[in-house]
Amino acid sequence: MIDRTKIIRALNTTVLQPEVYVESEIDSTNLYAKRLLQDGLETDAVVIAERQISGSGRSNRTWHSPLGGLYMSIVLQNRKGSLISPLYSFVLAISAADVLERMTSLVIDLKWPNDLHISGKKIGGILSELVTDDPERPAIILGIGINLNEDISGFPDELQNVATSILTETGKTVEYELVVSEIINSIDTWLIRDPDLELVINEYRSKCTSIGKHVSVHLGQTSFTGTVLDVVEQGSLLVRDTSGREVLISAGEVFHLEGG
Ligand code: BTN
């Protein structure tokens with residue numbers, strides 16, 4: 001069972017003062033977070049579950065959520081400025097990558113927008129959702145799934161070659177509660193250091209392996225290939241297509257066409 005007290009004891013935050021909810025099995029931590037907001041949650045919050053029955057990923061995919069993985073949603077509200085910014089997801093991605101790198105000897109890369117990769121294999125992903133039920137008080141839910149202490153050999157066939165986990169990579173487990181509290185501490189440090197999210201883009205660029213890659217971009221029914229030139233200030237991907245046209249991508253799926 002996840003030790004909530006251990007998580008709370010290891011928190012060392014100033015800006016983030018979240019309520020922490022720990023569940024053994026729920027549908028999805030993002031859905032749980034939405035229900036908290038509907039029920040009038042006024043603070044920031046963190047929702048963690050040992051497993052999810054209907055974990056969701058980007059583009060309406062499901063997120064395989066067995067015991068051993070980390071499933072967490074962070075609710076941010078009452079923030080000045082625009083909560084719509086994808087830069088909040090970048091803060092989470094950078095924080096999670098940093099924490100995992102510090103706790104293991106692994107190198108974690110980011111694939112645009114928010115996939116955590118080890119040598120081209122996915123170890124984590126982020127689903128961020130904006131909740132505007134009360135337009136006066138928008139909230140953002142940052143949901144992250146990390147393949148932590150589960151062996152990939154137990155994953156479905158279609159994930160065997162594209163996913164990995166900390167246990168699979170290192171042969172060792174990491175302390176779940178410490179990963180959770182360190183990610184929250186790291187987000188807090190970012191929000192203190194960079195409250196207007198002006199610096200985060202540079203840190204993101206330094207970890208983002210999509211830049212310079214030859215990619216296939218899928219936008220609904222259309223797709224094209226091109227080269228990633230940059231990730232711009234607000235988080236969109238700047239791609240030059242094969243005819244030389246430069247296109248800004250803010251949603252959609254991007255596949256690296258060579259290594260990683
Ligand atoms: C992706 O497609 O890469 C994003 C995956 C996000 C999964 C996490 S697990 C915790 C949170 N709850 C969900 O249902 N999804 C996110």
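In each ligand, atom 1 is the first atom listed, and ligand 1 is the first ligand listed. We use all heavy atoms of the structure for the numbers below, so side chains are in, but hydrogens, waters and symmetry mates are not.
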**Q.** Per-atom contacts, ligand 1 versus T29 - under 4.0 Å to a heavy atom
**A.** 10 (C), 11 (C), 12 (N)
Q | Side-chain donor/acceptor of S165 to backbone N/O of E150, under 3.5 Å | A | yes
Q) Is the closest N or O pair between S28 and ligand 1 shorter than 3.5 Å? A) yes
Q | N/O separation below 3.5 Å, Y71 to ligand 1 | A | no
Q) With the 4.5 Å side-chain cut-off for hydrophobic clustering, are Y21 and L92 part of the same group? A) no
Q. Quick check: does S56 get an N/O under 3.5 Å from an N/O on ligand 1?
A. yes
**Q.** Selected option - heavy-atom contact closest to atom 4 (C) of ligand 1, from N114, I126, L116, V47
**A.** I126
Q) Nearest protein heavy atom to atom 3 (O) of ligand 1, by residue and atom, and its distance? A) K122 NZ, 2.6 Å
(Q) Taking 4.0 angstrom as the limit and counting only heavy atoms of G57, give me the atoms of ligand 1 inside it, by number and element. (A) 1 (C), 2 (O), 4 (C), 5 (C)
Q. Which atoms from ligand 1 have a heavy atom of D115 less than 4.0 Å away?
A. 3 (O)
Q) Angle class for the F90/Y204 ring planes (parallel below 30°, perpendicular above 60°, tilted otherwise)? A) parallel
Q) Side chain, backbone, both or neither: which part of I144 has a heavy atom under 4.0 Å from ligand 1? A) backbone
Q: Ignoring hydrogens and angles, state whether a donor on the side chain of S250 or S236 is under 3.5 Å from an acceptor on the partner side chain.
A: no
(Q) With heavy-atom distances below 4.0 Å as the criterion, list the atoms of ligand 1 near M72. (A) 10 (C)
Q.
Heavy atoms only, cut-off 4.0 Å: how does Q52 contact ligand 1, side chain, backbone, both, or neither?
A. side chain
Q) Do the side-chain N and O atoms of H218 and S216 include a donor-acceptor pair separated by under 3.5 angstrom? A) yes
Q: Quick one: pull up OG in S54 and CD in Q52 and give me the separation to the nearest 0.5 Å.
A: 8.0 Å
**Q.** Y71 side chain to P66 backbone, donor-acceptor under 3.5 Å
**A.** yes
**Q.** Any side-chain donor near an acceptor of the partner, T104 and E169, under 3.5 Å
**A.** no
Q.
Using a 4.0 Å cut-off to any heavy atom of G55, which atoms of ligand 1 qualify?
A. 14 (O)
Q) Is the backbone N or O of A10 less than 3.5 Å from a side-chain atom of N185, with the two atoms forming a donor-acceptor pair by type? A) yes
Q: Looking only at protein heavy atoms, identify the closest one to atom 5 (C) of ligand 1 and say how far it is in Å.
A: W63 CE3, 3.4 Å
Q: Would you mind checking which non-hydrogen protein atom is closest to atom 2 (O) of ligand 1, with the distance to 0.1 Å?
A: R58 N, 2.7 Å
